[in-house]
Amino acid sequence: MKCQECQALLPTYADGETNAADALRVQAHLRHCRKCQAVYARVNEEVELIRDGWMMEMLPDDFANEVMQQIQDEGIEVEKSDPVLKKGGGPAKRRGLLVSSVVAAAVLVMAIGTQVSPAFAAFLSSFFQTITGEAGLRQAAKQGFSTELNQAVSDNGITLRVKEVIADPTRIVLSYVLEDAQGRILPDQFFPAYGANNVYVVDANDKVIRRSPLFRRTDKYADLVFPLENPPEQVTVHLEIKGIGSKELHKTHLNMEIPVDLRKGIAATKKLKVEEQYTSPKGMTVKLGQITYAPSATALEVETEWTLEAREKIVRQVEELKAKGAREEVATRLLSSHHPEFTIRDKEGNILADSRQNSNYQFESGLIYTLPGSNEQQAGSNKMTYYFAPFEEPAEDVFFHLEDVFITERADFSLVVPLHGEGLRGGEYEGNHYEVLDVREEKATDSAFSTYRITVDSIQKSIGNDPPEWLVTDKEGNVYKAEFDVEKTRSYSDQKGSHTVTTLIVKEVPKEAKEVTLSLVLVERQLPGGEWKIKLPDKNAHFLWQIRQ
């Protein structure tokens, strides 16, 4: 299963609506694919209830002045040089004073023990929750790329309030809350971005350029993240919400259009060519295309593909496996299942970005998200754009380090399984252990043939994208149809490694058969990066971004 295919199934998988076969493949892929684990972690939050809500009163228009006056009353000198501070200022102006006012108020509370109102306490908490969240958004907000909206629409006692937006050429992030009729934040902030709901981004010609946003949450807000690639200057986010709630869908009708101006983000973004590549001895090439320095993220295009000679060899292997009875989608993994792992480091070796980390929501140097390349690429070529938190200033002497490349190859391992009596088999291969736990004959429906259920425990220490695929044959080379029993599949970990227990249903086995052979189809191998390290262009190099007319 490719990452693109897995990620497309994640929304329905999280809702329990995926069919049994796809569910098994998604489960198996998620067990070992770090990139899809990161995406699923976000999708999975959609089906969890957010902690109990909180109520936040509106801050008075003279809030900032009152805070500063309390500080002065305590004998603390404050320079009132800001023109907005001198004039007072309403809600729209208070955003500009957010940092200074909150920090000053925090100093006041800590220094003199002044009791603050519940409104101020909620305001202070929500502000720091937002600022100390994902590193990319925090840095973009500090640089002035956050726009306060407070745009709201209500229906059936529910209000959707979009509080702010951060936008640049890598993504649009909407921060919102759902409120009840009394203005209290609902404990469940989720609404599906699929099904009856319609959530998408269009350009000036109403052409849809992005659907299926990522959903994330903090303690006080929820975020919708719309990844972007080469967006126009003006776009509009459409929210057509007919139901809210993660576990029980509550009907509502909330429609909102949010115009987003990307010109400021585009002007602050640089796209620089890299055009470097490395080819491993196995014939796998890693290519770097372009690096993008944007306010909320740094993006790097990375493509892996087989050399022509390697590709021709693998195509022959795919046909051989199919001829032996392997499913086409399994055999073609020889061509398609490969990906790099890399870090980006400064000249001292400190990691600035790491493709191996699950999520930038937990790790400063982790992935924010990834986007697959065009589907028009030839078989055997995978292109991904990796999005990380922006590198700290200045971006000088930054190096790409290829850590590993993971490829899929044909396996050379089999287990002879007796169908009756004792003698169950097990063995080691490529550092993994495979053991047949049980063989059971189902009640015969045909006097000449039987169906067997064979349970195998795969203890994997190396990384694999899917549960082991087996070909089932007899001594004469006859291939038997085998299916996974999804309901019997389970996974767990212990000191031995990561266990995947699967049950194969093997049909139409002749009654006289005494044994079958399970042949492992594929194995994933880790290739060292060959100490490939190149210097990336810094963000002060030639400016390549072309602003659209």
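Here the structure is a predicted model, which is why all the values come from computation and not from measurement.
Between R453 and E441, none of the side-chain N atoms (NZ, or NE/NH1/NH2) sits under 4.0 Å from a carboxylate O, so this pair counts as no salt bridge. With respect to E305 and R311, no salt bridge is recorded, no charged nitrogen being found less than 4.0 Å from a carboxylate O. The pair E275-K287 does not count as a salt bridge, with every side-chain nitrogen at least 4.0 angstrom from each carboxylate oxygen. Under a 4.0 Å N-O distance rule, the pair E524/R333 does not qualify as a salt bridge.
Residue R171 holds its CZ atom at 13.0 Å from CG of L224, rounded to the nearest 0.5 Å. Atom CG of D223 is separated from atom CD1 of I172 by 13.0 Å, given to the nearest 0.5 angstrom. To the nearest 0.5 Å, the span separating OG1 on T385 from CG on L228 amounts to 12.0 Å. Interatomic distance, CD of E409 versus CD1 of I314, reported as 8.0 Å (0.5 Å rounding). Taking NZ from K533 and OG1 from T343, the interatomic distance works out to 10.0 Å, rounded to the nearest 0.5 Å. Here the NE2-NE2 distance, from H499 to H433, works out to 9.0 Å after rounding to the nearest 0.5 Å.
A donor-acceptor contact shorter than 3.5 Å links the side chain of N382 to the backbone of S336. For the pair T298 (side chain) and A294 (backbone), a donor-acceptor distance under 3.5 Å is absent. With hydrogens and angles ignored, the 3.5 Å screen pairs a side-chain donor or acceptor of W306 with a backbone N or O of L335. No donor-acceptor distance shorter than 3.5 angstrom exists from the side chain of T473 to the backbone of G477, with no hydrogens or angles considered. Under the 3.5 Å distance criterion, the side-chain polar atoms of S355 are matched with a main-chain donor or acceptor of F342. Remark: side-chain polar atoms of R210 are paired, donor with acceptor, to backbone N or O of P227 under 3.5 angstrom. Judged by distance alone, the side chain of N205 and the main-chain N or O of K207 form no donor-acceptor pair under 3.5 Å. Using modelled atom types, one side-chain atom of N197 and one backbone atom of P192 make a donor-acceptor pair closer than 3.5 Å.
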Full working for salt bridge (charged side-chain N to carboxylate O under 4.0 Å, His left out) between E319 and K322: CA-CA 5 Å; E319 294 305 317; K322 289 164 59 178; 3.5 Å; yes
Steps toward side-chain contact (heavy atoms from CB on, under 4.5 Å) verdict (I344, H401): CA-CA 6 Å; I344 298 175; H401 289 247; over 6 Å; no
Steps toward salt bridge (charged side-chain N to carboxylate O under 4.0 Å, His left out) verdict (K507, E483): CA-CA 9 Å; K507 300 180 179 180; E483 300 174 352; 3.7 Å; yes
Check against side-chain contact (heavy atoms from CB on, under 4.5 Å), L527 and I407: CA-CA 8 Å; L527 307 179; I407 65 172; 3.8 Å; yes
Test side-chain contact (heavy atoms from CB on, under 4.5 Å) applied to K383 and V302, step by step: CA-CA 6 Å; K383 185 176 182 180; V302 183; over 6 Å; no
Chi angles and distances behind the ring pair (Phe, Tyr, Trp, His ring centres under 6.0 Å) call for Y434, Y429: CA-CA 8 Å; Y434 304 95; Y429 182 66; 7.3 Å; no
Stepwise ring pair (Phe, Tyr, Trp, His ring centres under 6.0 Å) check, Y200 with F226: CA-CA 8 Å; Y200 57 98; F226 297 87; 9.2 Å; no
Evaluation steps, side-chain contact (heavy atoms from CB on, under 4.5 Å), between R211 and N198: CA-CA 8 Å; R211 292 187 183 272; N198 205 3; 2.7 Å; yes
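When all heavy atoms of A297 and D168 are compared, the closest pair comes out as N-OD2, 4.2 Å. Looking at every heavy atom in both residues, P231 comes nearest to P169 through CD-O, 3.5 Å. In terms of heavy-atom proximity, P372 sits nearest to M384 at CA-SD, 3.4 Å. What you find for V479 and G325 is that their closest heavy atoms are CG1-CA, 4.3 Å. A193 and V199 get closest at one heavy-atom pair: CA-CG2, 4.0 Å. In terms of heavy-atom proximity, A268 sits nearest to F145 at CB-CZ, 3.5 Å.
You'll find the side chain of L536 stays beyond 4.5 Å of the side chain of F399, heavy atoms only. A heavy-atom distance below 4.5 Å is found between the side chains of V506 and I454. Proximity of D538 to V398: side-chain heavy atoms (C-beta onward) are nowhere separated by under 4.5 Å. Counting heavy atoms from C-beta on, the side chains of V237 and L174 come closer than 4.5 Å. In this structure, V456 and P468 have side chains that are not in contact, with every pair of non-hydrogen atoms separated by 4.5 Å or more. F406 has its side chain within reach of E341: a pair of non-hydrogen atoms, C-beta onward, lies under 4.5 Å apart. For the pair H339 and V286, the minimum side-chain heavy-atom distance is 4.5 Å or more. Between T503 and F484 there is no side-chain heavy-atom pair separated by less than 4.5 Å.
Checking T279 against T285 by side-chain atom types alone, a donor-acceptor pair falls below 3.5 Å.
Put simply, the residue from R440, K481, E442 that forms a side chain to side chain contact (heavy atoms under 4.5 Å, CB included) with T451 is E442.
By the ring pair (Phe, Tyr, Trp, His ring centres under 6.0 Å) test, F191 pairs with Y176, sequence neighbours left out. Take R345 and apply the salt bridge (Lys or Arg N to Asp or Glu O under 4.0 Å) test, not counting sequence neighbours, and it matches E403.
A ring-ring contact (aromatic ring centres under 6.0 Å, His included) check over residues 515-537, counting only residues at least two apart or in different chains, returns the pairs Y278-W532, F400-W532.
Shown here is D494, whose CG atom has more than 12 heavy atoms of other residues, nucleotides or ligands within 6.0 Å. Under a cut-off of 6.0 angstrom, the local environment of CD in E508 is sparse, with at most 12 non-hydrogen atoms contributed by other residues, nucleotides or ligands.
The cationic group of K270 does not satisfy the cation-pi geometry with Y293, failing either the under 6.0 Å distance to the six-membered ring centre or the 45° limit from the ring axis.
Between Y480 and Y452, the distance from one ring center to the other does not fall under 6.0 angstrom.
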